[in-house]
J.: 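Quick one: the structure is below, and I'll ask about it shortly.
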Amino acid sequence: MQKYPPFLSSFPKMAHGGDYNPEQWLESVPDILDQDIRLMRLSGCNTFSVGIFSWARYEPREGEFSFEWMDRILDRLAAADVNVLLATPSAAMPAWMRQKYPEISRVNRDGVRELQPGRMDHCFSSRVFREKVGDINRRLAERYRTHPAVKMWHISNEYQSLCHCEQCVEAFRAWLRTKYGTLENLNRAWWTSFWGQSFQDWGEINPRNRALDGSKLDWKRFQTDQIVDFLKHEIAALREGGATQPATTNMMSLWPTVNFQRLADTVDVIADDCYPVWKQNGRDEQTAASISFVHDLRRSMKGGRPWVLMESCPSVPQWHNPPKLKRPGMARMEMMQAVAHGSDGVLYFQWRKGRGGHEKYHGAVVDHVGHEHTRVFRDVSEIGNTLAKLDDLVGTTTPAEVAFVYDWEVRWALETSAGVLKDSAVEDDAYTETVKAHYFPYWSMGVPVDVLESRAEFSGYRLLVAPRLYLLLPGVADALKTFVENGGTLVLSAYCGQVNESNLCFTGGWPGDGLRELCGIWVEETDRLLPEDQQNLTFADPRFPALQGEWSAGPLCEILHAEGAEVLATYGAQFYAGTPALTRNAFGKGEVWYLATDVDPDFLLGLHRELKNRLKLRQTTGTDLPPGVGATWRTDGESEWVFLQNFGTDSVEISLDSRPHRDVESGETVSSPLHLKPVETRILQRKA
Ligand code: GAL
């Protein structure tokens, strides 16, 4: 196994640092750079994102530019050997621009232009905004393309898109023309005879249409495509200005409105912002697993290449409700968790707390007191010490035998299909919750997982888990078939294969597009129970002793017929009692498990443990872990670095496999069992 290139090509070390906004201080505290550089050294920080919201300072009046202040900052940082990710400033337009070009400000769904100043509130279709961004980016590139501090471009900030202005609507129509060619095709794909919505002219199309699920889905796709286009435009302007440094943009976890998978190819490195809400009053394993899931997705976005944690909070964000402080050790847990799951660095938002503005109470490395004698600063310095011992990990990855499918396309199709998930009993983002519910067992068993979109390459994996794969893009059903035919094990669950890429229901029985044959079942109806209704999944098959019993099930219950599949469990109640709730079908050299209902998490754990045992999947420590412990590893093919983290409330013992293990921080050999206290992380090295 080869190492990937370091996140910053000339810097084969773990990055440590954060968002740095010295321009907020330059006038009032003239020696702020000296103070900060001293503190950066003390805390082991080496990498900073600079200039993210600096457009108003670069161009205080239209066409009047000032870069000397940034020259000074970059020169000082270069002299101090600090790496800079220089931002393109498109996330916040200057006040004059907002005033002179109101068309840049976003228009909401109700058609109202949002003129209240803020940030990240521009329209991606605005021609004047594109021009202005192109211009400032080119100027920055021309000026800083060879600056020794500037190692990477940080493109904008947390792209998101919600504009409904006329330019966007026009752009949407143009996008549809390219996609469908003719209105006839579009009318067919969107099923526009419903409520008499058919279109005779492209100009009649309105993305606010509430009637057409296909329109709603395409509008979401269009908005992401627009972001990708804008991202490309920003990078192209840098290249025109002669900049050759790589580029990244910071993504936002599982943000609902952007399909971040689509951005992956355009950037050189995947970067993510992560602000978990830890409960810290009991076992936080669900939060931990849910964060690991997102990290695994980031690592998988470029086929296993390390990503970077671009923003995180060393203390607490002011927007957490309530802003409960991180308990001692928790920041280290959070940051090491990102590294464990493939991040080649830890960067914070933010380096220094500002005195004013909406984020003046947002946690930062340097607090208002201004010195290093704070708990948070000590935490960050400790993290710095640990990262300095992890340089060998840079470029290493985690080989996974299991892949999960998580796809914004599926999420959006569910969101835009009335009556499927969006009403009463199940919360809005039930898709994500369901996928995470199936992921949790793997997290808790210490089995590494990749997280892929549905149109990914599955062939290298042994187990594929695709919960609630409601929408099937063209080719996906065939890829699943091939995967199973060739010996793969596939897990599918309720609401699978109901619609095609246009959000049109498949005919001929669910799951559609050939999955009915693959699964050996026919889903006839779907019941959605009320909270007071009872349902259970009854598992009586003696071959799986750990799964036997009655497990609470629902609220979603598919009623299905086995058509060749073996029935492993049945429903225990309602008028469909005794009908299949879990089936398994042999197909080619592999098999498909189909779970027709939501079910008790303990059952899910048992089910996935069964699969892990059957397939003899590799576990981090070779055995199951105590509850609350997260475990994974990274490797370069010769060494393995094992991360063990206790998110529980009790001290636990973990048995290690027979290889010698060395504690990376203390250098000592570790014997088995290893004792792990609550809120403790240990990083061990062993031979691969
Ligand atoms: C992020 C944003 C940062 C900062 C941070 C606060 O979403 O990119 O600029 O506002 O949130 O948590």
Side-chain angles (χ1 to χ4, degrees), residues 15 17-25 45 47-57 84-94 106 116-122 124 152-162 227 230-231 234 247-258 260 263 267 269-278 287 291 294-295 298 307-326 330-331 334-335 338 343 345-368 376 379-380:
D19 278 22
Y20 183 36
N21 305 302
E23 66 270 31
Q24 294 178 11
W25 299 86
C45 282
T47 302
F48 287 89
S49 303
V50 173
I52 298 180
F53 302 109
S54 299
W55 199 341
R57 193 155 184 141
V84 168
L85 317 178
L86 185 59
T88 64
S90 60
M93 65 180 124
R106 222 166 32 197
Q116 65 278 30
R119 63 168 181 176
M120 285 144 28
D121 53 358
H122 44 264
F124 286 104
M152 186 172 275
W153 294 94
H154 178 299
I155 308 296
S156 198
N157 191 68
E158 295 190 339
Y159 279 127
Q160 49 189 287
S161 181
L162 292 165
I227 288 178
F230 202 86
L231 172 63
E234 289 221 39
T248 188
T249 190
N250 48 336
M251 304 181 183
M252 277 183 286
S253 184
L254 303 179
W255 192 257
T257 57
V258 188
F260 288 117
L263 277 61
V267 291
V269 172
I270 302 294
D272 198 25
D273 298 348
C274 179
Y275 294 97
V277 182
W278 300 105
T287 315
I291 297 305
V294 182
H295 292 345
R298 293 293 177 248
W307 56 284
V308 69
L309 178 64
M310 187 64 89
E311 286 184 26
S312 60
C313 186
S315 175
V316 69
Q318 94 290 6
W319 51 266
H320 276 192
N321 186 14
K324 177 175 174 172
L325 290 178
K326 280 189 188 130
M330 204 59 217
E334 182 180 317
M335 306 312 159
S343 175
V346 170
L347 285 85
Y348 311 101
F349 182 90
Q350 51 188 328
W351 168 253
R352 184 185 274 277
K353 263 186 201 175
R355 290 187 61 196
H358 181 65
E359 290 176 338
K360 65 177 184 280
Y361 290 120
H362 193 290
V365 180
V366 183
D367 213 323
H368 291 131
V376 171
D379 277 358
V380 168

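As the structure lists them, so they are numbered: ligands from 1, and atoms in each ligand from 1. If you're wondering where the values come from, they're calculated on a predicted model, not measured in any experiment.
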J.: Flag the pair R106 and D121 as a salt bridge only when some basic side-chain nitrogen lies within less than 4.0 angstrom of an acidic carboxylate oxygen.
T.: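 So R106 does not pair with D121 through a salt bridge.
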J.: The criterion is ring pair (Phe, Tyr, Trp, His ring centres under 6.0 Å); which residues satisfy it with F53, sequence neighbours excluded?
T.: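 F53: no ring pair (Phe, Tyr, Trp, His ring centres under 6.0 Å) contacts found.
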J.: For H122, which residues count as a ring pair (Phe, Tyr, Trp, His ring centres under 6.0 Å) partner, sequence neighbours excluded?
T.: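 Applying ring pair (Phe, Tyr, Trp, His ring centres under 6.0 Å) to H122 gives F124, F129.
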J.: Output all residues satisfying side-chain hydrogen bond (donor to acceptor under 3.5 Å, both in side chains) with W25, sequence neighbours left out; order by chain, then residue number.
T.: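 In terms of side-chain hydrogen bond (donor to acceptor under 3.5 Å, both in side chains), with neighbours along the sequence ignored, W25 is linked to no residue.
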J.: Which of these passes side chain to side chain donor-acceptor pair (under 3.5 Å) with Y275: E334, H362, E311?
T.: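 Of E334, H362, E311, side chain to side chain donor-acceptor pair (under 3.5 Å) with Y275 is met by E311 alone.
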J.: Any Lys/Arg nitrogen of E359 or R119 sitting under 4.0 Å from an Asp/Glu carboxylate oxygen of the other?
T.: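 A salt bridge is present here (some side-chain N lies under 4.0 Å from a carboxylate O).
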J.: What residues come within 4.0 Å of ligand 1, counting heavy atoms only?
T.: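 Only F53, R119, N157, E158, D273, Y275, E311, W319, F349, E359, H362 have heavy atoms that fall under 4.0 Å of ligand 1, ordered by chain and number.
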